[in-house]
There are 2 protein chains.
Amino acid sequence: MKIGKGVEWAAHACAVLALLPPGAALSRECLADYLGVPPPYLAKQLQALSRAGLVLTQRGAAGGYQLARDAETISLWDITAALEGTAPRFRCTEIRRNGPCGASSAECPAPCDIAAAFQQAESVYRETLAAVPLTQVVAGATAVATDGRKQRIGDWIQQNASGLS
Amino acid sequence: MKIGKGVEWAAHACAVLALLPPGAALSRECLADYLGVPPPYLAKQLQALSRAGLVLTQRGAAGGYQLARDAETISLWDITAALEGTAPRFRCTEIRRNGPCGASSAECPAPCDIAAAFQQAESVYRETLAAVPLTQVVAGATAVATDGRKQRIGDWIQQNASGLS
DNA sequence: TTAATTGCGGATAATATATATCCTAATTAA
DNA sequence: TTAATTAGGATATATATTATCCGCAATTAA
């Protein structure tokens, strides 16, 4: 019933990657350090993002992760779907077919109203998250950051990112 | 990440209770039989509905369950909340405060955009379910039932419900 | 070529949650 | 009282989540 915390981690990780200059990359060690989370488990989330095509990976020395496409085109739903999958969270087991007064196949041409309502609810949930691009997350975080912290973040990126020109 | 199947069971159980004449009740054995689910586990869901004030229980001989209020005023969200609770499914652990570039308290007067987006998504999810009263579920199920099945359901209720006049 | 770095995938384990059942106590109609 | 019936706790099992480690493949620099 709960959402894995990997979703939160991955969202913040993507927000950091969105700060990188084009072509630059961050290793998982650096990302884990920046976010303050255990590296091995974060690696799992990053692999999922990679499989979903949201980030590009570069192996070997000076390798790391970078966004696969423009931050404007990556939504929180993309990240959630990559980590949690797209299977419906409500599972209809067709209870109406059970028991002494169960419905026949002919009486069940469409999902019952209960299943339909949950499908609809999940649909609006999905659309709400899909309407939030990474750029919005980055802009919101930047808006509340002090000038000093912005400076520190820029310095940290200069020091830890690879592929900088 | 998934929703317990108890929600589906409870929703269908409430839909059955909504068919009862005023004052009539059904035992959990009868309900479990009607729905085709294991009685002991269904009992847990019914207890949760009772604690939430959605159903009334009558112990002792000829006891059972009945809706606590008009079916028009019980929504699928009421039932979901009774079974799964109202705690947010997305848990914000304030990752922005972590690491070498973590935000200070002063920079975090409000939830970050990630947490806010998930809160908003859960809100629209909740509202979608809250907009579906039991009466709509019952009407939808009745609409697809054949006349013969409606007859069988009425007969079954006559035979199994207690407190009939 | 060799060595160092780094992500990938599989295996593993600890913990938490969901699923399912049973038993005893409390309650109530007959 | 007696039989029926729910409440609540204890318990067992299955599944999911959280977390870590290790060997392999890929890449780069010396």
Side-chain angles (χ1 to χ4, degrees), chain A residues 1-10 13 17 24-33 35-66 68 80 83-85 87 89-91 93 160-163, chain B residues 1-10 13 17 23-33 35-66 68 80 82-85 87 89-91 93 95 160-164:
Chain A
M1 136 214 175
K2 287 179 180 172
I3 290 178
K5 67 173 64 165
V7 174
E8 186 194 11
W9 296 10
L17 294 179
L26 273 178
S27 73
R28 72 174 174 190
E29 293 297 331
C30 289
L31 263 175
D33 179 48
L35 299 175
V37 299
Y41 192 37
L42 176 65
K44 288 297 181 195
Q45 330 298 342
L46 292 169
Q47 282 175 28
L49 292 175
S50 173
R51 276 195 301 274
L54 298 180
V55 303
L56 297 177
T57 64
Q58 177 71 22
R59 289 187 180 186
Y65 299 89
Q66 53 187 302
T80 304
L83 270 290
E84 303 269 311
R89 285 200 289 256
F90 178 86
R91 296 156 289 171
T93 61
N160 291 278
S162 61
Chain B
M1 137 213 177
K2 287 179 180 170
I3 290 177
K5 67 174 66 165
V7 173
E8 186 194 12
W9 295 11
L17 294 180
L26 273 178
S27 75
R28 72 175 175 191
E29 293 297 331
C30 290
L31 264 176
D33 179 48
L35 299 175
V37 300
Y41 193 38
L42 176 65
K44 289 296 181 194
Q45 332 298 341
L46 291 170
Q47 282 175 28
L49 291 175
S50 173
R51 276 194 301 274
L54 298 180
V55 303
L56 297 177
T57 64
Q58 176 72 21
R59 290 186 178 186
Y65 298 89
Q66 54 185 302
T80 304
L83 271 290
E84 305 269 311
R89 285 200 290 255
F90 178 86
R91 297 156 289 171
T93 60
I95 279 190
N160 292 278
S162 62
L164 291 177

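Since the structure is predicted, the reported quantities are computational estimates derived from the model, not experimental observations. Letters go in sequence order (proteins before strands), and every chain restarts at 1.
For A:R89 and C:dA18, the shortest distance from a side-chain N or O to OP1 or OP2 is not below 4.0 Å. Between C:dC8 and A:T57, a contact under 4.0 Å exists linking OP1 or OP2 to a side-chain N or O.
A:A52 meets the side chain to side chain contact (heavy atoms under 4.5 Å, CB included) test with A:L54, A:A82; sequence neighbours excluded. In this structure, the side chain to side chain contact (heavy atoms under 4.5 Å, CB included) partners of B:Q47, at least two apart in sequence or on a different chain, are B:K44, B:R51. Among residues two or more places apart in sequence or in another chain, the side chain to side chain contact (heavy atoms under 4.5 Å, CB included) test is passed with B:P38 by B:W9, B:P40. Not counting sequence neighbours, B:Q45 has no partner by the side chain to side chain donor-acceptor pair (under 3.5 Å) test.
Taking atom CG on A:D33 and atom P on C:dT6, their separation rounds to 13 Å, with Å as the unit. As a whole-Å value, the separation of A:L31 CG from C:dT5 P is 19 Å. The CD-P distance, from B:E8 to C:dA18, rounds to 16 Å in whole Å. Atoms CG (A:L83) and P (D:dA19) sit 13 Å apart, rounded to a whole Å. Counting to the nearest Å, the C1' atom of D:dA3 and the CD atom of B:E29 are 15 Å from each other. A straight line from CZ of A:R28 to C1' of C:dG9 spans 11 Å, rounded to a whole angstrom. Atom-to-atom, CD1 of B:I3 to C1' of D:dA16 comes out at 15 Å; the value is rounded to the nearest Å. Between B:N160 atom CG and D:dA4 atom C1' the separation is 15 Å, expressed in whole Å.
Of the candidate nucleotides D:dA7, C:dT19, C:dG7, D:dA7 has the atom nearest to the side chain of B:Y65.
Put simply, the side chain of A:P39 reaches to within 4.5 Å of the side chain of A:E29, judged on heavy atoms. Considering only heavy atoms from C-beta on, A:R89 stays 4.5 Å or farther from A:E84 through its side chain.
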Task: Stepwise side chain to side chain contact (heavy atoms under 4.5 Å, CB included) test for B:Q66 and B:L17 - done: CA-CA 6 Å; B:Q66 54 185 302; B:L17 294 180; 5.6 Å; no
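Of the two residues near DNA chain D, B:L26 and B:R91, the one whose nearest nucleotide lies more 5' is B:L26.
The NZ atom of B:K5 sits 6.5 Å away from atom CZ of A:R91, with the distance rounded to the nearest 0.5 Å. To the nearest 0.5 angstrom, B:L31 atom CG is 9.5 Å from B:N160 atom CG.
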Distances for protein N/O vs nucleotides 28-30 of chain C N/O pairs under 3.5 angstrom?
| unit_1 | atom_1 | unit_2 | atom_2 | d |
| --- | --- | --- | --- | --- |
| C:dT28 | O2 | B:A61 | N | 3.4 |

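Less than 4.0 Å separates DNA chain C from at least one heavy atom of each of the following residues of residues 37-52 of chain A: A:K44, A:Q47, A:S50, A:R51.
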